[in-house]
Amino acid sequence: MDRYLVFGHPVRHSKSPFIHTLFARQTQQELEYGLAEPDVDEFAQALRTFFDQGGKGCNVTVPFKEQAFTLVDCLSPRAKRAGAVNTIKLTDDGVLLGDNTDGAGLVADLKSHGVTLADSRILLLGAGGAARGALAPLLAELPSELVIANRTHTKAQQLAAEFHDLGPVIAQTYEQLAGPFDLVINSTSASLQGELPPLAPALIHTDIAIYDMMYGASDTAFISWAKQHGARQTMDGLGMLVEQAAEAFTVWRGIRPGTKQVLRELKRNLGVI
């Protein structure tokens with residue numbers, strides 16, 4: 001049976017085995033999907049061993065995405081742009097292909113919620129790996145402007161300069177931000193610690209869409225804060241998790257699974273519904 005894994009540290013909390021098992025059942029694919037949690041300095045060897053022992057593909061999560069970028073034999077265009085790999089496939093030619101499905105998953109989830117990206121003004125909070133993966137797919141949707149804000153302003157400036165050829169992207173400090181924005185995406189990990197990015201409440205209005213890439217059984221700190229200040233449409237990253245997984249499954253198996261029922265089952269599993 002074809003074997004797949006998710007590599008991360010920590011990774012025991014991962015819902016990827018649950019999601020991919022449902023995808024396999026839905027599409028009648030014979031595969032098994034497990035977890036691997038090597039120490040940070042043992043990832044390269046663990047990755048090689050997995051494929052040497054017949055592994056067909058894997059997902060890669062924190063903190064290994066940048067390292068995976070350097071370990072594969074070739075990169076998809078979106079992985080090159082992101083500077084990080086979250087999906088690896090062993091091709092029929094024995095080549096390790098590195099891909100990045102995070103941004104595609106984000107855009108797919110936003111669209112499933114009815115969020116209009118074309119001609120919209122988007123604010124992206126954070127300038128780390130999650131932001132990098134999101135930028136090219138977001139800019140491909142032709143927003144009127146995409147503003148990056150980050151606590152370390154120089155990182156936001158570097159990111160904006162790197163992606164400037166793809167569309168109207170600029171960097172601003174949190175103090176410089178001026179609305180209105182149509183969509184705010186929080187790509188920072190602040191919600192994991194129950195913290196907030198230093199965003200002015202005045203930027204929140206009733207018609208804004210708020211997206212936090214983090215998720216949990218209840219509202220993240222950022223979503224709770226946005227609701228308190230009048231945001232009516234708020235979304236967490238659970239749908240993105242399922243959509244990026246569907247994209248990875250398609251890369252591996254050549255068949256795209258449906259995501260709606262799987263997302264419902266995942267919410268049930270987490271106790272969200």
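In this chain, residues are counted from 1 in sequence order. Quick caveat: nothing in here was measured; it's all calculated off a predicted structure.
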- Task: Test side-chain contact (heavy atoms from CB on, under 4.5 Å) on L183 and I208 and set out the steps.
- Result: CA-CA 6 Å; L183 169 65; I208 201 168; 6.0 Å; no
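- What you find for N150 and A127 is that their closest heavy atoms are OD1-N, 3.2 Å.
- Residue I210 is grouped with residue V147 when hydrophobic side chains (ILVMFWY) are merged at heavy-atom distances under 4.5 angstrom, including chains of intermediate members.
- Side chain of H113 to backbone of V115: no donor-acceptor contact under 3.5 angstrom is found.
- Between V184 and L203 the shortest side-chain heavy-atom distance does not fall below 4.5 Å.
- Rounding to the nearest 0.5 Å gives a distance of 12.5 Å between CD of E32 and NZ of K56.
- Partners of A246 under the side chain to side chain contact (heavy atoms under 4.5 Å, CB included) rule, at least two apart in sequence or in another chain, are F23, R256, P257, T259.
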- Should Q26 and V262 be marked as a side-chain contact (heavy atoms from CB on, under 4.5 Å) after you check the CA-CA gap, both sets of side-chain angles, and the distance that decides it? CA-CA 9 Å; Q26 178 197 118; V262 172; 3.9 Å; yes
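- Contact check for L159 versus K155: no side-chain heavy atoms found under the 4.5 Å cut-off.
- Scanning both residues, G126 and I148, for their nearest heavy atoms gives O-CG2, 3.6 Å.
- Donor-acceptor pairing under 3.5 Å is lacking for the side chains of T101 and E247.
- Residue pairs meeting the salt bridge (charged side-chain N to carboxylate O under 4.0 Å, His left out) criterion with at least one partner in residues 169-182, sequence neighbours excluded, are absent.
- N86 has its side chain out of reach of T61: every pair of non-hydrogen atoms, C-beta onward, lies at least 4.5 Å apart.
- Each of D99, N100, D102 was checked for a side-chain hydrogen bond (donor to acceptor under 3.5 Å, both in side chains) with R78, and the lone residue meeting it is D99.
- Rounded to the nearest 0.5 Å, atoms NZ (K260) and CZ (R264) are 8.0 Å apart.
- Taking CD of Q45 as the start and OG1 of T49 as the end, the distance is 4.0 Å to the nearest 0.5 Å.
- Salt bridge D219/K227: present, at least one basic N to carboxylate O contact under 4.0 Å.
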- Message: Could you go through F43 and V60, starting from their C-alpha distance and side-chain angles, then the distance that decides it, and tell me whether this counts as side-chain contact (heavy atoms from CB on, under 4.5 Å)?
- Response: CA-CA 10 Å; F43 170 61; V60 182; 4.1 Å; yes
- Message: Test side-chain contact (heavy atoms from CB on, under 4.5 Å) on L138 and I185; report intermediate values, then the result.
- Response: CA-CA 11 Å; L138 284 171; I185 301 170; 3.8 Å; yes
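- Of the possible polar contacts, one joining the W252 side chain to the I88 backbone as a donor-acceptor pair under 3.5 Å is found.
- Counting heavy atoms from C-beta outward, L22 and E265 have side chains that approach closer than 4.5 Å.
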Cut-off 3.5 Å, no hydrogens considered: what does the side-chain donor-acceptor table look like for residues 3-10, sequence neighbours left out?
from, atom 1, to, atom 2, distance (Å)
Y4, OH, R253, NH1, 2.9
H9, ND1, P38, O, 2.9

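- Looking only at side-chain heavy atoms (C-beta outward), F222 and D236 stay at 4.5 Å or farther from each other.
- For L90, the side chain to side chain contact (heavy atoms under 4.5 Å, CB included) partners at least two apart in sequence or on another chain are F51, L96.
- Both F18 and L31 belong to a common hydrophobic cluster when Ile, Leu, Val, Met, Phe, Trp and Tyr are linked at side-chain heavy-atom distances under 4.5 angstrom.
- The two residues Y215 and L241 have their closest heavy-atom pair at OH-CD2, 3.5 Å.
- For the salt bridge (charged side-chain N to carboxylate O under 4.0 Å, His left out) condition, the pairs that include at least one residue of residues 109-128, sequence neighbours left out, are K111-E141, R121-E145.
- Hydrophobic clustering (ILVMFWY, side-chain heavy atoms < 4.5 Å, transitive): V85 and L71 are in one cluster.
- Linking Ile, Leu, Val, Met, Phe, Trp and Tyr residues whenever their side-chain heavy atoms come within less than 4.5 Å leaves Y211 and W225 in two separate clusters.
- Residues Q172 and L177 form a side-chain contact, since some pair of their non-hydrogen atoms from C-beta on lies under 4.5 Å apart.
- P143 and P168 get closest at one heavy-atom pair: O-CG, 3.6 Å.
- Atoms CG and CZ, on L125 and R151 in that order, are 10.0 Å from each other to the nearest 0.5 Å.
- In summary, R81 and D165 engage in a salt bridge, as defined by a charged side-chain N under 4.0 Å from a carboxylate O.
- A pairwise comparison of heavy atoms in T220 and M214 identifies CG2-O, 3.8 Å as the closest pair.
- Note that CG of D73 is 9.0 Å distant from CG of L97, once rounded to the nearest 0.5 Å.
- Judged by distance alone, the side chain of T250 and the main-chain N or O of G254 form no donor-acceptor pair under 3.5 Å.
- Counting all heavy atoms, side chain and backbone alike, A130 lies closest to M213 at CB-SD, 3.8 Å.
- Side-chain atoms of S14 and L35, non-hydrogen and from C-beta on, do get closer than 4.5 Å to each other.
- Between F249 and I255 there is a side-chain heavy-atom pair separated by less than 4.5 Å.
- Linking Ile, Leu, Val, Met, Phe, Trp and Tyr residues whenever their side-chain heavy atoms come within less than 4.5 Å leaves L106 and L123 in two separate clusters.
- Among residues at least two apart or in separate chains, there is no ring-ring contact (aromatic ring centres under 6.0 Å, His included) pair with a member in residues 135-189.
- Between the side chain of T70 and the backbone N or O of Q67, at least one donor-acceptor pair lies under 3.5 Å.
- To the nearest 0.5 Å, atoms OG1 (T188) and CD (Q193) are separated by 8.5 Å.
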